[in-house]
Amino acid sequence: AQKITQTQPGMFVQEKEAVTLDCTYDTSDQSYGLFWYKQPSSGEMIFLIYQGSYDEQNATEGRYSLNFQKARKSANLVISASQLGDSAMYFCAMREGKPGAGSYQLTFGKGTKLSVIP
Amino acid sequence: DSGVTQTPKHLITATGQRVTLRCSPRSGDLSVYWYQQSLDQGLQFLIQYYNGEERAKGNILERFSAQQFPDLHSELNLSSLELGDSALYFCASSVLPRAGTEAFFGQGTRLTVV
């Protein structure tokens, strides 16, 4: 079973509008972390935002915010005031493993391709 | 620029060959991770090292191996290459593999096996 599900293969948004990219996750761990990464056409993976499972406040980083609904196991990324440079693939990822053991790995979703229309 | 350096950026090689991908982590980062991104499998975790020791293993084939050296740079060795090994290979690093520590990715090495 998929641990990270991104149900939107592709999304379009008008420039300056807000957009929400969906992500649901599945884990039985109490302690976990959720990440969003952006991958432009050039290929690099750019870290955007992080939410820990015990964080009560939704994470925000500039125009990015993470809508964390723990009971629903969802961690949606909200991009406000979209810009043309936001056109890229966006990946949701989950960190599992035992932090105290010094090991963790990221499990990625299949990604959502966001296209910003002028 | 994430501060993680991967070389080479592109690599084209023939089936059956062996290649080495190199990664220099961000200054001060002790943990290095390798990921493979292919069209059919998506992004998959391969292996993690922390301060020279292997800490976690993912879907890494037996034909693949990695190590982290005393200066903390890491190498991923891929041998007996097959067409299906063609992919983008990422290295990432973090200060510690701890909750809340994000991993910063390099630009990747695009491997093409012909």
Side-chain angles (χ1 to χ4, degrees), chain A residues 2-6 9 23 27 29-57 59 61 64 66 68 75 77 88-113, chain B residues 1-6 9-10 23 26 29-60 66 68 87-112:
Chain A
Q2 279 192 359
K3 291 195 171 184
I4 297 285
T5 303
Q6 295 181 253
C23 172
T27 181
D29 285 357
Q30 294 300 310
S31 175
Y32 53 89
L34 297 156
F35 300 78
W36 278 91
Y37 283 86
K38 172 185 177 182
Q39 186 177 39
S41 56
S42 51
E44 71 267 35
M45 294 288 287
I46 302 167
F47 165 75
L48 295 178
I49 197 166
Y50 165 82
Q51 179 87 39
S53 58
Y54 293 117
D55 296 340
E56 294 188 354
Q57 302 262 10
E61 290 284 351
Y64 304 108
L66 199 153
F68 181 47
L77 177 71
M89 282 291 288
Y90 288 81
F91 291 94
C92 179
M94 178 168 61
R95 187 265 308 147
E96 294 179 293
K98 300 175 183 177
S103 70
Y104 78 71
Q105 63 195 58
L106 293 177
T107 302
F108 284 85
K110 293 192 181 300
T112 295
K113 184 173 182 179
Chain B
D1 184 0
S2 68
V4 179
T5 304
Q6 288 188 248
K9 286 191 169 44
H10 301 276
C23 169
R26 292 187 321 156
D29 284 2
L30 299 177
S31 206
V32 168
Y33 315 82
W34 286 97
Y35 288 84
Q36 178 196 58
Q37 185 179 29
S38 62
L39 282 173
D40 48 348
Q41 299 290 333
L43 263 160
Q44 289 201 97
F45 168 75
L46 295 178
I47 197 163
Q48 177 210 343
Y49 281 84
Y50 174 68
N51 205 18
E53 291 183 6
E54 182 186 304
R55 284 297 179 94
K57 237 176 181 178
N59 297 321
I60 187 166
Q68 186 180 28
L88 187 54
Y89 291 84
F90 284 108
C91 168
S93 74
S94 65
V95 175
L96 295 170
R98 181 178 291 173
T101 305
E102 64 268 25
F104 291 90
F105 281 69
Q107 295 211 323
T109 293
R110 186 168 296 279
L111 173 67
T112 304

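Just so you know, these numbers use all the heavy atoms, side chains as well, and skip hydrogens, waters and symmetry mates. Note that the structure is a prediction, hence the values are computed from the model and not measured.
Neither the backbone nor the side chain of A:Gln51 comes within contact range of chain B; no heavy atom of the residue lies under 4.5 Å from a heavy atom of that chain. With a 4.5 Å cut-off on non-hydrogen atoms, B:Lys9 does not touch chain A at all. Interface remark: A:Tyr37 contributes side-chain atoms only to the contact with chain B (heavy atom separation under 4.5 Å).
Contact detail for A:Leu106 and B:Tyr35: the closest heavy-atom pair is N-OH, 2.9 Å. Nearest approach of B:Gln37 to A:Phe91, heavy atoms of both residues: NE2-CZ, 3.5 Å. Contact record, B:Phe45 with A:Gln105: CE2-OE1, 3.2 Å, taken as the closest heavy-atom pair.
In the displayed structure, B:Arg110 atom CZ is contacted under 6.0 Å by at most 12 heavy atoms of other residues, nucleotides or ligands.
Between the CZ atom of B:Phe104 and the CZ atom of A:Phe47 there is a distance of 6.0 Å, given to the nearest 0.5 Å.
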Let's go through A:Gln39 and B:Leu88 carefully: what are the C-alpha distance in whole Å and the side-chain angles of both, what is the deciding distance for side-chain contact (heavy atoms from CB on, under 4.5 Å) to 0.1 Å, and is it a yes or a no?
CA-CA 12 Å; A:Gln39 186 177 39; B:Leu88 187 54; 3.9 Å; yes

